[in-house]
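The structure appears right after this line, and notes come after that.
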Amino acid sequence: MQTCRTITEMRAALRAVTGRKIGFVPTMGALHEGHLSLVRAAKTQSDFVVVSIFVNPTQFGPNEDLARYPRPFEQDCGLLEKEGVDTLFVPPVEQMYPPGAVTYVTVEELSGKLDGKSRPSHFRGVATVVSKLFHIVQPDLAFFGQKDAAQVAVIRRMVRDLDMPVRIVVCPIVREPDGLAMSSRNAYLTAQERSTALALSRSLQQVRSVFDKGERRAAVLVAAGKQVIQAEPGARLDYYEAVDPDSLDPVREIAGPTLVAVAAYVGATRLIDNTTLGI
Ligand code: PAF
C-alpha cells in the first residue's frame with residue numbers, strides 16, 4: 001500500500017492509474033468493521049482502491065471532540081494493508097486547508113436538518129472536505145455508510161447539484177452482535193455507557209415492531225422509539241425523526257421509503273443510529 005501525504009503525491013500516484021475504475025473510501029480513521037465493509041465493497045466494485053484518513057477540523061463544532069478524536073494510525077494502516085488497499089491518502093491539516101482558506105461548500109436546506117440542527121456547521125465541513133477529496137482523488141465510485149444517513153443525503157445532493165462525476169455507493173450499517181451500530185465514538189464509552197447505548201438500536205427495533213403491526217402514522221412510530229430512549233436514565237435524546245431519506249423533511253405517514261433516525265447523548269458521547277421503513 002502506497003501512502004501519500006500531499007495533494008501533489010496523491011495526484012502523481014493517480015496519474016499512473018489510467019483506465020481503471022477508482023473506488024474511494026473517505027474516513028477519519030479509528031477504523032472498525034463498518035469502515036472495512038466499505039473498503040471490501042470498494043475492492044469488489046472497483047479496480048483501484050484509495051482510502052483517506054483525515055480528521056476534518058471544519059466538521060467539528062467549537063465544543064466537540066476534535067482534540068480527543070481517536071487517531072490509532074499504525075493500527076489503521078495495518079487493517080488497510082490487510083484489506084489490500086492500493087493507496088492511502090493522509091494529508092496534514094495545512095494540505096487540506098492552506099492558511100487563509102475561506103471557501104466552503106454548503107448544501108442549503110439539508111445542512112440544517114437532523115444532525116445539522118444541533119451541529120450547525122457540521123455538514124458544511126463535511127461537504128467542503130468531501131468535495132475537496134473528490135477533486136483530488138477523482139474517484140469513479142465513493143463509498144459511505146448508511147449509519148450517517150443525513151451525511152449521505154447531503155453528499156448525494158452536493159454531487160447532483162455540482163455535477164460531480166462520481167457514483168455514491170451506500171453500504172449497510174454494521175452492528176456489534178448485541179445491536180450497537182459500529183462507530184469510532186463507541187471507543188469513548190465506559191462499560192456502563194456502552195450498555196446504555198444499546199437503547200438506540202433497541203428503540204429502532206421497537207419502531208420496526210410497531211410498524212410491522214400495521215402502524216403508519218409517523219408521530220406514533222417516533223413516540224414509540226422516543227419512549228425507549230427516555231426510559232434510559234443515562235441517555236439524553238437529541239432528536240428522533242421520521243423523514244424523507246433524500247430531502248430529510250419530516251413525513252406524516254409512512255407511504256414509501258422513510259428514514260427513522262435517532263441521535264442521543266450517552267454521557268458526553270453523541271451517538272446516532274437509524275433504520276429505513278417502507279422498503
Ligand atoms: O463519515 C466520516 O467519517 C466523515 O464525515 C467523512 C465523510 C470522512 C468526511 O470527513
Side-chain angles (χ1 to χ4, degrees), residues 4 7 10 23-39 41-42 49-61 64-73 75-76 79-80 85 87-93 95-97 101 103-107 110-111 113-116 118-137 139 141-159 162 164 166-174 181-188 248 261 263 269-274:
C4 298
I7 295 169
M10 188 66 232
F24 178 45
V25 183
T27 81
M28 298 206 301
L31 304 177
H32 50 67
E33 276 299 316
H35 296 110
L36 300 182
S37 75
L38 305 180
V39 172
V49 174
V50 179
V51 174
S52 63
I53 296 181
F54 179 65
V55 183
N56 173 34
T58 64
Q59 69 188 77
F60 288 79
E64 293 183 352
D65 54 342
L66 173 62
R68 71 173 186 135
Y69 197 84
R71 291 164 169 88
F73 182 63
Q75 186 183 308
D76 287 349
L79 291 169
L80 296 174
V85 166
T87 299
L88 172 61
F89 182 44
V90 251
V93 173
Q95 274 287 306
M96 295 301 284
Y97 297 106
T103 306
Y104 294 94
V105 177
T106 303
V107 180
L110 266 63
S111 288
K113 292 177 179 159
L114 297 185
D115 308 278
S118 46
R119 306 184 71 193
S121 56
H122 174 66
F123 287 127
R124 183 181 81 154
V126 169
T128 300
V129 81
V130 171
S131 85
K132 285 170 72 80
L133 290 166
F134 283 178
H135 281 302
I136 296 162
V137 177
L141 305 169
F143 297 79
F144 293 87
Q146 171 64 18
K147 186 175 78 67
D148 299 303
Q151 168 170 284
V152 165
V154 167
I155 290 167
R156 276 194 198 285
R157 187 69 70 90
M158 173 185 82
V159 163
L162 298 181
M164 294 179 169
V166 55
R167 185 154 71 78
I168 302 302
V169 181
V170 182
C171 300
I173 298 176
V174 178
M182 290 205 183
S183 162
S184 305
R185 289 191 167 95
N186 291 350
Y188 299 149
L248 304 181
T269 306
R270 186 176 178 282
L271 299 173
I272 58 174
D273 201 350
N274 68 77

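Atoms within each ligand, like the ligands themselves, are counted from 1 in listed order. Since the model is a prediction, treat every value here as computed from it, not as a measurement.
Residue T27 approaches ligand 1 through these ligand atoms, each under 4.0 Å from one of its heavy atoms: 8 (C). The contact set between ligand 1 and Q59, taken as ligand atoms under 4.0 Å from a residue heavy atom, comprises 4 (C), 5 (O), 9 (C), 10 (O). Every atom of ligand 1 with a heavy atom of Q151 under 4.0 Å away is listed here by number and element: 1 (O), 2 (C), 4 (C), 5 (O), 7 (C). Near V129, the atoms of ligand 1 lying under 4.0 angstrom from a non-hydrogen atom of the residue are 9 (C), 10 (O).
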> Is there a side chain to side chain donor-acceptor pair (under 3.5 Å) between T58 and Y97 once you walk through the steps?
Replying inline: CA-CA 9 Å; T58 64; Y97 297 106; 2.9 Å; yes

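I7 CD1 to H135 NE2: the interatomic distance, rounded to the nearest 0.5 Å, is 11.5 Å.
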Please tabulate, for the side chains in residues 147-155, all donor-acceptor contacts under 3.5 angstrom to protein atoms that are two or more places apart in sequence or on a different chain.
none

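Evaluation of the side-chain contact (heavy atoms from CB on, under 4.5 Å) rule for L162 yields V105, M158, M164 as partners, not counting sequence neighbours.
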